[in-house]
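Let me begin by presenting the structure, written as C-alpha cells, before commenting on it.
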Amino acid sequence: MTEFQHKIHDIVIKIPKGSVVTYKEVAQLAGRPKAYRAVGNILNKNYNPVIPCHRVIRSNGEIGGYNKGSDLKRKKLLTEGIICGKII
DNA sequence: CGTATGACGTGCA
DNA sequence: GTGCACGCCATAC
C-alpha cells in the first residue's frame, strides 16, 4: 500500500452517492494531476468493495472500465441515478 | 535499474 | 466526429 494508493482510495470513498468523478479529478485531488493513468491502474487492481470505483469515469464522459466488467459499472451508475443510456 | 503495460488525456490530421 | 501519436504516472517483471 503506497501513499498514492491510500490517497486514491480515500478520495474515491468520499465520492457522494449519485455523483461521479473523472480519473483526472481524482488524480488532481490526490495531488498528481498528471497521474490519471496510475489512478486507473490502482483502481483496476483494487478489488476492495468499500471503494465505489464505479463512480470514476473518463473525462470525455465515457464509462471507462471496471474490475467486474464495464456493463456492471454502467448498471450501478444507472441505479445511483447517473444518466447514462449506454455511453454518454 | 530499464522496459513494458494500463480502468487515461490532449493535440493534430 | 474519427483515428493516430505522444506524454505522464505507478506497478509488474
Side-chain angles (χ1 to χ4, degrees):
Chain A
M1 253 339 187
T2 62
E3 289 295 309
F4 190 70
Q5 249 189 42
H6 186 66
K7 275 188 172 184
I8 299 301
H9 291 180
D10 193 48
I11 292 163
V12 176
I13 288 166
K14 284 172 184 171
I15 299 174
K17 182 174 176 281
S19 299
V20 289
V21 197
T22 64
Y23 295 96
K24 200 186 349 187
E25 288 288 296
V26 177
Q28 195 173 319
L29 293 170
R32 296 287 190 279
K34 293 181 237 178
Y36 36 74
R37 284 222 186 213
V39 175
N41 241 326
I42 291 165
L43 293 177
N44 188 8
K45 289 176 170 181
N46 172 53
Y47 274 79
N48 202 318
V50 303
I51 302 174
C53 30
H54 60 269
R55 287 179 192 159
V56 185
I57 60 175
R58 288 186 61 157
S59 298
N60 60 331
E62 298 270 326
I63 291 291
Y66 198 52
N67 295 347
K68 299 162 178 127
S70 52
D71 186 65
L72 182 63
K73 180 174 182 178
R74 180 167 52 74
K75 194 176 178 182
K76 273 182 169 285
L77 289 173
L78 287 167
T79 305
E80 295 195 358
I82 312 294
I83 303 165
C84 270
K86 288 180 179 174
I87 303 176
I88 197 72

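FYI, side chains are in, hydrogens and waters are out, and symmetry mates aren't considered; it's all heavy atoms of this structure.
In the hydrophobic cluster analysis, where Ile, Leu, Val, Met, Phe, Trp and Tyr join through side-chain heavy atoms closer than 4.5 angstrom, A:Ile82 is grouped apart from A:Ile15.
Each of A:Thr2 and A:Tyr36 has a nearest nucleotide on DNA chain C; the 5'-most of these lies closest to A:Tyr36.
On a pure distance criterion of 3.5 Å, no polar donor-acceptor pair joins the side chain of A:Tyr66 and the base of B:dA7.
Considering only side-chain N and O atoms, A:Lys45 lies under 4.0 angstrom from the phosphate OP1 or OP2 of C:dA12. Side-chain nitrogen and oxygen atoms of A:Lys24 include at least one within less than 4.0 Å of the OP1 or OP2 phosphate oxygen of B:dT10.
Of the listed nucleotides (C:dA10, B:dT10, B:dA7), C:dA10 has the atom at the smallest distance from the side chain of A:Ala38. Taking every side-chain heavy atom of A:Arg58 into account, B:dG9 is the closest of B:dG6, B:dG9, C:dC8.
At a threshold of 4.0 angstrom between heavy atoms, the contacts of A:Tyr23 include nucleobase atoms, whether or not backbone atoms are also involved. Within 4.0 Å (heavy atoms only), A:Ala35 reaches sugar-phosphate atoms of the nucleic acid but no base atom.
Taking atom CG of residue A:Asn46 and atom C1' of nucleotide B:dG6, one finds them 15 Å apart after rounding to whole Å. A straight line from CZ of A:Arg32 to P of C:dT11 spans 11 Å, rounded to a whole angstrom. To the nearest angstrom, P of C:dC9 lies 18 Å from CG of A:Leu43. One atom, CG of A:Asn41, and another, C1' of B:dA4, lie 12 Å apart when rounded to the nearest Å. In this structure, A:Arg55 places its CZ atom 17 Å from C1' of B:dA7, rounding to the nearest Å. When the C1' atom of B:dA7 is taken as reference, atom CD1 of A:Ile11 falls 16 Å away, rounded to whole Å. C:dC9 atom P lies 10 Å from atom CZ of A:Phe4, rounded to whole Å. Distance CD (A:Gln28) to P (C:dC9): 14 Å, rounded to an integer number of Å.
Test A:Glu80, A:Lys76, A:Arg74, A:Lys75 against A:His54 for side chain to side chain donor-acceptor pair (under 3.5 Å) and you get one pass: A:Glu80.
Rounding to the nearest 0.5 angstrom, the gap separating the CG atom in A:Leu29 from the CD1 atom in A:Ile11 is 5.0 Å.
Judged by distance alone, with hydrogens and angles left aside, the side-chain atoms of A:Lys73 form a donor-acceptor pair with the main-chain N or O of A:Ile63 at under 3.5 Å.
Between A:Asp10 and A:Lys14 there is a salt bridge, since at least one side-chain N of the basic residue sits less than 4.0 Å from a carboxylate O of the acidic one.
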